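Working notes, beginning with the structure itself.
Residue numbers begin at 1 in each chain, while the letters A, B, ... track the order of the sequences. Source: prediction; values computed, not measured.
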Amino acid sequence: MADKSFFVDTTKCTACRGCQVACKQWNKLPATETFNWGSYQNPADLSFATFKLVRFREVVSGGKLKWYFFPDQCRHCLEPPCKDTAEGYVDGAVIQSMATGAVVYTGKTSKLTAAAFEEVRESCPYNIPRRDAATGLVTKCTMCIDRVENGLLPACVKACPTGTMNFGDRSDMLAMANKRAAQLKQKGFAKAQLLDADSIRVIFLVVDDPSVYHRFSVAQNDLGISRKLALRKIFRPATGLVTTVAKL
Amino acid sequence: MTNHWIDIGNSDCILIMGSNAAENHPISMKWVMKAMDNGATLLSVDPRFTRTSAKADFYTALRSGTDIAFLGGMINYIINNNLYHQEYLAYYTNASFILSKNYSFKDGLFSGYNPQTRSYDKSSWAFEMDENGIPKKDHSLKGPQCVFQQLKAHFSRYTLDQVSAITGTSQADLLEVYKAYAATGKPGKAGTIMYAMGWTQHTVGVQNIRTMSIIQLLLGNMGVAGGGVNALRGESNVQGSTDHCLLYHILPGYMSTPSPKWPTLADYLNRRGKSNDPMSANWWQNEPKYMVSFLKSMFGESATSANGFGYDWLPKVDVGQTYSWLDLFDQMYQGKFTGFFAWAQNPACSGANAGKNREAFTKLDWMVNVNLFDNETGSFWKGPGMNPKKIKTEVFFLPAAASAEKEGSITNSGRWMQWRYKAADPPGNAKPDGDIMVELMDKIRELYRREGGAFPQPVLNLKWDYATNGKFDAHKVAREINGYFLKDVTIKDTTYKAGTLVPSFAFLQADGTTSSGNWLYCQSYTEKGNMAARRSTEDASGIGLYSEWAWCWPVNRRIIYNRASVDRTGQPWDKEHPVINWTGEKWVGDVPDGGWPPMLTADKKVNPQTKYPFIMKTEGHAHVFGPGRADGPFPEHYEPLECPIEKNLMSAQFVNPTIKEFSTDADARATCDPRYPIVASTYRVTEHWQTGVMTRWQPWLLEAQPQQFCEMSVELANLKGIKNGDKVVVESARGKVEAVAIVTMRFRPFKIAGSTIHQVGLPWCFGWVTPKDGGDSSNLLTPSIGDPNTLIPETKAFMVNVRKA
């Protein structure tokens with residue numbers, strides 16, 4: 001199985017949230033209690049029970065009102081800092097699938113202390129990991145690895161009606177993303193760009209300043225790699241993708 | 001839809017107005033995106049910036065209830081700038097017809113208005129006829145009395161100044177939309193309209209759609225790929241239920257409900273207009289075959305030529321009386337019903353002026369609530385403001401199976417009848433609707449047999465054999481709808497044995513030798529099998545017709561009026577997306593609207609064998625001038641019954657002069673009333689369906705959209721001291737609801753005739769039964785007033801006040 005990636009074309013997202021609900025359905029995630037907080041975005045944030053969340057943002061850009069939708073999820077980094085951080089505490093808490101590149105949190109994450117989890121979360125450039133206070137389990141998008149390894153599309157991609165969510169071999173997704181970005185540039189979207197495409201497997205395409213969509217739409221240095229992690233990285237040989245993954 | 005979902009992808013310009021497709025028809029956006037990928041422009045016109053607007057190339061706002069003004073301005077723009085499709089307009093529409101000298105329009109009223117009856121004598125809305133009784137035509141479109149010149153004069157009043165003052169849309173924005181859309185008037189280009197309840201639910205609902213239909217005819221957009229007038233249906237099977245006569249004014253297949261005006265079958269069959277023009281197919285002249293076959297389907301062997309095939313056993317609607325939803329609840333409110341089946345519906349939340357409906361339930365002796373879940377209707381007696389001790393109504397709840405728990409067909413907006421299989425058994429005692437109906441009718445017939453009754457014949461003579469082993473049989477019903485031969489019949493050298501399924505409606509007979517439950521569906525279930533169950537993904541057309549995927553009415557024609565997609569010699573206007581094409585001998589492509597040759601031969605001579613393309617119209621021409629409507633042959637802007645301004649800028653007629661008003665104490669109204677200064681509209685959200693009976697029990701959907709909300713502009717919120725997320729109370733003359741304020745830039749105040757007008761909006765998917773803090777229905781606010789043609793309620797434009805709770 002080849003190296004996989006998502007291509008998320010936000011210009012086609014209508015925020016129907018089919019992806020958000022399909023993710024919950026496949027992954028058997030409970031609904032959390034919410035209230036209307038003056039926004040369509042609900043739940044308000046990712047959580048232990050919400051791996052995929054469509055973020056809504058209203059802005060005036062270039063003198064025009066825009067309503068941007070950003071179907072947020074784990075980016076499945078090529079070199080996931082969360083994995084490095086977690087490994088410093090619990091071996092096997094975070095694993096990476098050799099076949100697909102999926103970054104997967106295992107049951108062993110429950111052995112991470114609250115403080116260790118905070119460090120894992122802080123090491124994530126996209127602010128993705130969440131912890132269940134009751135069980136201590138840390139969770140996030142699994143790339144639907146159980147579906148993907150059986151030849152199915154991730155649930156969010158399968159549910160998407162507009163072509164926003166795409167999934168396939170990384171080279172194909174990169175080609176599709178580059179082609180679409182060029183097409184949009186030609187159509188007059190000067191700011192059309194792919195976000196961190198070289199370092200992650202969930203490649204977002206936006207047509208405005210990335211920060212307008214979501215604070216963590218691109219890797220944030222202010223969280224990113226902590227000092228402790230940086231030191232650990234120096235004293236350990238780079239491993240890339242060599243960590244193989246046992247079946248979950 | 002005249003076209004179908006996939007066909008949207010063929011469009012060059014998509015106008016989404018009167019609908020919010022991205023939120024309410026999410027899958028449609030797949031085809032909108034496809035069209036955009038191919039260079040199409042998406043225009044979004046809506047009082048509120050929606051998830052649809054977020055995807056549009058251009059968005060602008062208009063005040064709710066001013067669509068005719070907005071579109072009237074577009075008609076004016078198209079004509080003034082000569083952007084119309086001359087040949088199409090002159091030869092395929094009645095723009096060339098000469099109007100009667102008695103026709104006139106003055107200060108908001110058409111000729112023939114009677115203020116006492118609030119209705120029109122339409123005799124002056126007529127055409128001049130030649131000596132053969134054929135409408136006189138002026139194909140140059142230049143004569144002052146021709147429809148086109150009258151249209152031009154009528155809409156010349158819709159200047160940019162006027163339209164902008166009424167709609168609140170800036171002139172620059174109006175022009176932007178007009179220019180982009182009118183560009184599709186070029187032969188070979190196609191523009192489409194995606195509309196829904198944002199257009200229909202007004203006191204001018206029908207005329208909203210008429211205005212757009214006129215635009216589509218001016219631009220030559222009817223019948224072509226990527227064009228048409230496309231109603232996005234609000235439920236998966238609304239199209240099917242309408243085809244099978246959900247509404248009171250029709251029988252299956254759009255035949256009129258009988259009336260004392262036509263006391264006998266012969267009178268009934270004689271009621272339609274005749275054409276003396278040999279080139280007009282006037283397809284409805286075939287109605288006797290459809291009606292008699294329908295009566296045979298209803299009454300079987302009891303229907304004979306001697307007894308008018310049982311015509312007398314069909315219910316008649318009284319002359320001048322309407323039987324719409326609004327009428328029913330008005331009568332119920334007045335205590336004129338004893339019992340009520342609330343079947344697959346939730347009028348306590350879905351109906352306009354829901355408070356009136358809830359009160360009406362208290363006047364009943366009994367109610368049967370057939371639904372998947374408990375709802376605000378069945379539980380009305382313990383709802384807000386009700387005292388169960390004082391309510392006599394006995395409520396029975398019959399649990400029904402969900403769509404995936406039964407077999408049958410669903411006809412989508414694109415007229416595709418698609419067969420569905422049963423995926424799972426219904427839980428507990430829940431039953432398919434068909435089973436409930438079979439059991440119910442068996443009991444009723446048993447009672448009539450035993451006890452007689454006032455008029456037992458219709459019930460006892462009914463052919464009632466839709467069950468197999470006591471259970472409703474969807475295949476039996478589907479075959480009944482298609483129809484079969486009752487005797488051996490020979491047509492064009494082929495003999496069809498009694499019992500054979502009829503191949504298509506062209507084979508139906510008026511002598512009682514065929515039976516068909518709905519002529520429009522004749523061909524859907526034939527000796528070749530269940531056509532709706534076909535699943536071929538081949539597309540021979542190249543334009544996405546997928547003609548062997550399921551089946552669509554009529555006769556599997558995927559784009560109706562398709563004979564207008566070609567020039568008069570039969571060559572497609574759009575060479576890239578040909579719907580049909582005349583080879584010189586026959587039509588190829590989609591099933592044409594009749595197989596007659598094109599209007600001109602290859603050497604441009606009139607072909608006497610031809611028929612005009614709009615075959616369902618008496619004279620074969622599409623109606624630019626539409627004399628059949630209650631409120632006028634041309635659309636005209638009138639203010640909503642509740643509106644924020646004191647004067648209709650177009651005329652002295654403030655509101656639609658033909659609307660039917662209801663006058664119980666529950667029908668309070670407040671127009672230009674300082675207590676209710678804010679325009680309001682209701683709508684749906686992606687996350688909930690209709691009143692939310694199916695979705696409010698679904699935790700994931702509730703998580704995404706948990707509570708009633710009211711969207712308002714930043715400016716209005718500041719004025720009222722409301723912050724985003726605050727609880728607010730929204731009040732109208734009829735009721736109030738609590739909601740969470742969403743303060744947003746997506747609503748902006750309007751400048752209407754010099755003053756600032758605010759607008760708010762609320763979804764109508766919530767109700768008090770569940771969830772606990774979800775809020776109640778926004779239909780407690782809406783008025784029970786309707787369009788004069790359809791009586792669809794005006795829930796998209798009414799007046800409210802908003803205050804902090």
Side-chain angles (χ1 to χ4, degrees), chain A residues 9-44 47 49-50 52-54 56-61 64-70 159-164 179-180 183-184 186-189 207, chain B residues 20-34 36-37 39 49-59 61 685-687 698-711 714 717 722-727 739-748 766 771 773-775:
Chain A
D9 182 352
T10 65
T11 67
K12 291 195 170 179
C13 179
T14 56
C16 73
R17 300 196 271 190
C19 58
Q20 189 176 311
V21 171
C23 174
K24 293 225 165 196
Q25 184 177 25
W26 180 258
N27 292 296
K28 298 188 169 65
L29 297 171
T32 53
E33 257 194 50
T34 57
F35 60 94
N36 191 315
W37 54 290
S39 171
Y40 280 38
Q41 183 180 313
N42 240 331
S47 75
T50 305
K52 177 94 182 165
L53 176 71
V54 179
F56 291 66
R57 189 68 76 83
E58 288 173 35
V59 290
V60 174
S61 176
K64 290 252 174 197
L65 178 59
K66 303 282 177 191
W67 203 7
Y68 288 132
F69 311 128
F70 192 85
C160 178
T162 60
T164 305
K179 189 177 161 200
R180 177 68 178 159
Q183 187 190 31
L184 286 163
Q186 203 177 13
K187 209 181 162 184
F189 293 94
V207 289
Chain B
N20 178 7
E23 300 193 42
N24 300 324
H25 302 86
I27 317 285
S28 71
M29 292 305 279
K30 176 189 181 110
W31 307 107
V32 172
M33 298 292 175
K34 184 172 177 245
M36 291 174 82
D37 282 352
F49 188 105
T50 66
R51 283 182 255 189
T52 303
S53 316
K55 298 292 110 178
D57 292 298
F58 187 76
Y59 162 78
V685 293
T686 315
E687 298 78 7
Q698 218 303 333
W700 295 322
L701 298 174
L702 210 52
E703 176 190 43
Q705 205 63 271
Q707 277 174 307
Q708 179 63 278
F709 60 84
C710 174
E711 290 176 281
V714 177
I722 294 165
K723 289 194 187 61
N724 192 35
D726 279 355
K727 272 254 173 205
V740 176
I742 294 186
V743 178
T744 170
M745 291 184 285
R746 295 179 295 101
F747 258 127
R748 304 297 291 269
F766 294 100
D773 298 315

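For chain B, no part of Thr164(A) is nearby; none of its heavy atoms comes within less than 4.5 Å. In this structure, chain A has a heavy atom under 4.5 Å from the side chain of Asp57(B), while its backbone stays farther away. Using a 4.5 Å cut-off between heavy atoms, Tyr40(A) touches chain B through backbone and side chain atoms alike. Within the 4.5 angstrom heavy-atom criterion, no atom of Leu53(A) approaches chain B. With a 4.5 Å cut-off on non-hydrogen atoms, Val59(A) touches chain B through its backbone but not through its side chain. Heavy-atom distances place the backbone of Ala741(B), and not its side chain, under 4.5 Å from chain A. Heavy atoms closer than 4.5 Å to chain B are found in the side chain of Gln20(A), but not in its backbone. Looking at Thr50(B), the atoms closer than 4.5 Å to chain A (heavy atoms on both sides) all sit in the backbone: N, CA, C or O. For Glu687(B), the part sitting under 4.5 Å from any heavy atom of chain A is the side chain, from C-beta outward, and nothing else.
Here salt bridge (Lys or Arg N to Asp or Glu O under 4.0 Å) pairs that include residues 22-43 of chain A, with residues two or more places apart or in two chains, are Lys24(A)-Glu703(B).
Nearest heavy-atom pair across Pro699(B) and Ala31(A) is O-CB, 3.3 Å. Here the closest non-hydrogen pair linking Pro706(B) and Phe35(A) is CG-C, 3.6 Å. The heavy-atom pair separating Pro161(A) from Ile27(B) by the smallest distance is CB-CD1, 3.9 Å.
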- request: I would like to know whether Asp37(B) and Arg180(A) meet salt bridge (charged side-chain N to carboxylate O under 4.0 Å, His left out); could you show each step before the answer?
  value: CA-CA 10 Å; Asp37(B) 282 352; Arg180(A) 177 68 178 159; 3.2 Å; yes
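By number of non-hydrogen pairs under 4.5 angstrom with chain A, the leading residue of Phe49(B), Tyr59(B), Trp31(B) is Phe49(B). The greatest number of non-hydrogen atom pairs below 4.5 Å with chain B, out of Tyr68(A), Phe69(A), Trp67(A), is found for Trp67(A). No other option in Ser28(B), Ala54(B), Ala704(B) has as many heavy-atom pairs under 4.5 Å with chain A as Ala704(B). Ranked by heavy-atom pairs shorter than 4.5 Å toward chain B, the options Asn36(A), Val54(A), Thr34(A) are led by Asn36(A). When each of Thr32(A), Val21(A), Thr162(A) is scored by its heavy-atom pairs under 4.5 Å with chain B, the top score falls to Thr32(A). With chain A as partner, the option from Arg51(B), Lys723(B), Gln707(B) having the largest number of non-hydrogen pairs under 4.5 angstrom is Arg51(B).
Cys16(A) SG to His25(B) NE2: the interatomic distance, rounded to the nearest 0.5 Å, is 14.0 Å.
In this structure, Glu58(A) contributes its side chain and Thr744(B) its backbone to no donor-acceptor pair below 3.5 Å. Checking side-chain atoms of Trp700(B) against main-chain N and O of Ala22(A) turns up no donor-acceptor pair under 3.5 Å. The backbone N or O of Gly163(A) lies less than 3.5 Å from no partner atom in the side chain of Lys30(B), so there is not a single donor-acceptor pair. With Lys55(B) contributing its side chain and Thr11(A) its backbone, the two residues share a donor-acceptor pair below 3.5 Å.
Taking the centre and axis of the six-membered ring of Phe56(A), the NZ or CZ atom of Arg746(B) falls outside the cone set by 45° and 6.0 Å.
Qualifying side chain to side chain donor-acceptor pair (under 3.5 Å) partners for Thr14(A), counting only residues two or more places apart in sequence or in other chains: none.
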